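Note sheet for the following structure.
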There are 2 protein chains.
Amino acid sequence: MSIHARPTLEDVAARAGVSRATASRVLNSSPRVSPEALEAVTAAVSELGYQPNRAARALVTRRTGAVAVVFSEPEPKIFDDPHFARLIRAGARALADVDVQMVLMLVHSPDDQARAHRFLAGGHVDGALVFAPHQNDQLVSIVKKLPLPVVYAGKPWGPLRGLHLVDNDNEGGAVLATEHLRSLGRKKIVHVTGPLDELSAIDRLSGFKSAMGIDDKAVAKLTADGGFTKQGGRKAMTELMAKVPDLDAVFVASDLMAAGALEALQEAGKRIPEDVAVVGFDDHVAIAEHTEPPLTSVRQDSDQQVKHMVAHLMKLVREEPVKQKREMLPTTLVRRESA
Amino acid sequence: MSIHARPTLEDVAARAGVSRATASRVLNSSPRVSPEALEAVTAAVSELGYQPNRAARALVTRRTGAVAVVFSEPEPKIFDDPHFARLIRAGARALADVDVQMVLMLVHSPDDQARAHRFLAGGHVDGALVFAPHQNDQLVSIVKKLPLPVVYAGKPWGPLRGLHLVDNDNEGGAVLATEHLRSLGRKKIVHVTGPLDELSAIDRLSGFKSAMGIDDKAVAKLTADGGFTKQGGRKAMTELMAKVPDLDAVFVASDLMAAGALEALQEAGKRIPEDVAVVGFDDHVAIAEHTEPPLTSVRQDSDQQVKHMVAHLMKLVREEPVKQKREMLPTTLVRRESA
DNA sequence: AGCCCGATTGGGATCGTTTTCATAGGGAGT
DNA sequence: ACTCCCTATGAAAACGATCCCAATCGGGCT
């Protein structure tokens, strides 16, 4: 090995006085190595600052050591919603922890879909984490056909048969929120939903419904769609105040919408929580702690979700058995001042 | 080639009736190949749906086909500031366009720095795009020592000798903004700065100073630090209203801060733009178009900046000559209603 | 002593490319 | 007709890991 070249396994083996094969076994923590060999190789590795060559390894193991993280979302939301930034960050971290490279793909247009298809089919990654909540998302049908391990974030639309996913307990969280409002003695509770082409929004709605013990017809009178945006939340809240003038509590299906709803309520002269109690969803700290008053919210731990997704995916990639295809993460209520 | 295995170059060559070497030459668009061979190979490639094996290629070319995109930013900002989401997205897109994988690294803690160092030194990527605007950022000194092509976004702190970077014309943009306010006949113009441990903030300040034609002492009386956050902008604005009660215009060094400043002004009963004209910086559409009133702002095109960074980096990676180490992108004024 | 067995080990093939080097095949120039 | 060169080609050697397979080495039994 020349002075400037990076050391290879050969160099390590030479230094440790063993063969390449043995050195390799140490690196892959095979049990069939003597303690002395193990020590010698370990020492050589750290003395030389050896780092395995990914490409060489990938070539022979037929694994790339990279996974794709795919966000399928019509253009603009990725900018506005801090939720995405958080998920991306969680992904970067969780994957780095298991020493896997993350290939980030943001899919907006049909063009992007085609590109994603080519890439995923091209064997450039060992698996994929897919964030595609919307109904009729072409990407999901594309990905389903691929012979590639995939773990979804939340339920994608369509049949779930055979899909691996990690979901938050949206329904349970909604029940928690609603029951909390009821336990405060609130009688007229309304609900700002997310876009109903996302199952997370639907699940939250159905949690609300069941905690209220009402049917579809009754529920329609108590809800409005806020589209998971701040503006939308504001608008939906205004709408609900017109529809249900005597409302005294609202469960809003996301913190971002709740921030909008709070503004609408306050502009209408309502005091929070005296006149109207408000509960959000996400417990997105950057939002919930800075609203006026601070927002009571249902906590879903996205970091945790992504971590589970990664762990799950790595099992699939290594063809280890997984206990269950679908994991459900609990949600909890975080009380602040708005309810 | 078996039925399910991905085709290799060997398969392509066989089908085209040439040797592996010739097929390879076609793929790398070498000039030394006959038209017939070219056509035959091209046809075979598309018939078989061949995609080169990255690992094999990486192994022999000693290039990974991946670059790191590194953000060095104390924890929380990455969530709040939509600017980051935009940069990340621009990076993902620009790199996908040149068929290079992006490895996203978010560096917050010293631990992260160590990890980044190991990774970058480990030869896992061909180069890096570095976003590290702050003073005394350890990461920059680490990265500088690495024998790795690097392109910075904006000027990192410290000596620029030998560094490659793509910067926005912050100073020019600030001049544009300030002169626009003067041309409206405003007499008492103040400035909300970004954190002065970032050179972009300093450059904007110095543009303001030179357009106002005043010295450091005078400038101190007309400025306050808003830290590039919304809350900070609000606070700085309040401070300035106390310091300069008769102010009739403000140039705010970012749109996010401008949103906060607008709130502060309006709560103090000022009409925009009648009483106080406001100009922001960034032209971050998601913000500037939705403030009340819509915000006049200095446009810097981050997508373009990232694209240039990628192009620049790829030249370095391929060891092609670059005309100039430092590129400066123009900024323009976008008029809306706030000034 | 002779044999077997399990535990370690090393040799060498292999993964799919790129790239060097040698060679074949023509046309141009004398 | 013979050389000279230039172009297009193919054979084969890398690149740096993993892993199959055979070989070695003791130790425990018979």
Side-chain angles (χ1 to χ4, degrees), chain A residues 1-2 4-42 44-45 48-66 99 122-124 126 317-319, chain B residues 1-2 4-42 44-45 48-66 99 122-124 126 317-319:
Chain A
M1 146 201 163
S2 82
H4 244 330
R6 298 170 24 121
T8 72
L9 191 53
E10 188 80 54
D11 301 319
V12 171
R15 174 138 193 160
V18 300
S19 74
R20 219 170 45 233
T22 300
S24 172
R25 279 185 271 262
V26 171
L27 261 77
N28 297 286
S29 41
S30 145
R32 320 210 142 305
V33 204
S34 68
E36 306 84 57
L38 191 148
E39 197 190 353
V41 172
T42 312
V45 162
L48 296 177
Y50 168 78
Q51 300 212 34
N53 179 316
R54 274 185 123 88
R57 178 176 282 176
L59 187 56
V60 55
T61 59
R62 301 154 151 289
R63 268 190 220 138
T64 63
D99 195 34
H124 301 301
D126 299 331
V317 168
R318 290 193 282 257
E319 303 186 309
Chain B
M1 142 201 164
S2 83
H4 243 330
R6 304 183 17 165
T8 73
L9 192 52
E10 188 80 53
D11 301 319
V12 171
R15 174 141 194 157
V18 299
S19 73
R20 220 169 43 229
T22 301
S24 172
R25 280 186 270 261
V26 170
L27 261 78
N28 296 287
S29 41
S30 146
R32 320 210 141 305
V33 69
S34 69
E36 307 84 60
L38 190 148
E39 197 190 352
V41 172
T42 313
V45 163
L48 296 176
Y50 168 78
Q51 299 211 35
N53 179 317
R54 273 184 125 88
R57 177 177 281 177
L59 185 56
V60 56
T61 59
R62 300 151 151 287
R63 268 190 219 138
T64 63
D99 196 35
H124 302 300
D126 299 331
V317 169
R318 291 194 280 256
E319 302 187 309

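These numbers come from a predicted model, not from an experiment.
Taken from OG1 in B/T64 to CZ in A/R54, the straight-line distance is 9.5 Å, to the nearest 0.5 Å. Separation of atoms CG (B/L27) and OG1 (B/T22) is listed at 11.5 Å; rounding is to 0.5 Å. Separating the CD atom in B/Q51 from the OG1 atom in B/T8 is a distance of 13.5 Å, to the nearest 0.5 Å.
Taking atom CD on A/Q51 and atom C1' on D/dG16, their separation rounds to 14 Å, with Å as the unit. A/R6 has its CZ atom 9 Å from the P atom of D/dG16, to the nearest Å. Taking atom CG of residue A/L38 and atom P of nucleotide C/dT8, one finds them 11 Å apart after rounding to whole Å. Rounding to whole angstrom units, CG of residue A/L27 and P of D/dC19 are separated by 12 Å. When the C1' atom of C/dG16 is taken as reference, atom CZ of A/R54 falls 19 Å away, rounded to whole Å. Remark: C1' of C/dG16 and NE2 of A/H124 are 14 Å apart, rounded to the nearest angstrom. With rounding to whole Å, A/E10 atom CD is found 10 Å from C/dG11 atom P. Regarding A/R318, its CZ atom lies at a distance of 17 Å from the C1' atom of D/dT18, rounded to whole Å.
OP1 or OP2 of C/dG10 has at least one side-chain nitrogen or oxygen of A/T22 nearer than 4.0 Å. Residue B/S24 has a polar side-chain atom (N or O) positioned under 4.0 Å from OP1 or OP2 of C/dT18. For C/dC15, the OP1/OP2 oxygens have no side-chain nitrogen or oxygen of B/N53 closer than 4.0 Å. A sub-4.0 Å separation between OP1 or OP2 of C/dG10 and a side-chain N or O of A/S19 is present. For the OP1/OP2 pair of D/dT18 and a distance below 4.0 Å, the side-chain nitrogens and oxygens of A/R57 include at least one atom meeting the criterion. Taking 4.0 angstrom as the limit, B/S34 places a side-chain polar atom (N or O) nearer than this to OP1 or OP2 of D/dT9. A sub-4.0 Å separation between OP1 or OP2 of C/dT14 and a side-chain N or O of A/R62 is absent.
Taking the side chain as every heavy atom from C-beta outward, A/N53 and B/H124 never approach each other to under 4.5 Å.
Judged by closest nucleotide on DNA chain D, B/V18 is the one of B/V18 and B/V60 placed further toward the 5' end. Comparing B/L59 and B/A21 by the nucleotide of DNA chain C whose heavy atom lies nearest to each, the residue mapping closer to the 5' end is B/L59. Mapping B/G17 and A/P52 onto DNA chain D via the closest heavy atom, the residue that lands nearer the 5' end is B/G17. For the pair A/R20 and A/R32, nearest-nucleotide mapping onto DNA chain C gives the more 5' position to A/R32.
Taking both residues in full, the closest heavy atoms of A/R32 and A/R25 are given as O-CD, 4.1 Å, listed atom of the first, atom of the second, then distance.
Counting distance only, with no hydrogens placed and no angle test, the side-chain atoms of B/R25 and the base atoms of D/dG10 include a donor-acceptor pair under 3.5 Å.
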Any chance you could lay out the side-chain contact (heavy atoms from CB on, under 4.5 Å) test for B/V317 and B/R63, step after step, and finish with the verdict?
-> CA-CA 9 Å; B/V317 169; B/R63 268 190 219 138; 3.9 Å; yes
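Here B/A37 lies in heavy-atom contact (under 4.0 Å) with sugar-phosphate atoms only.
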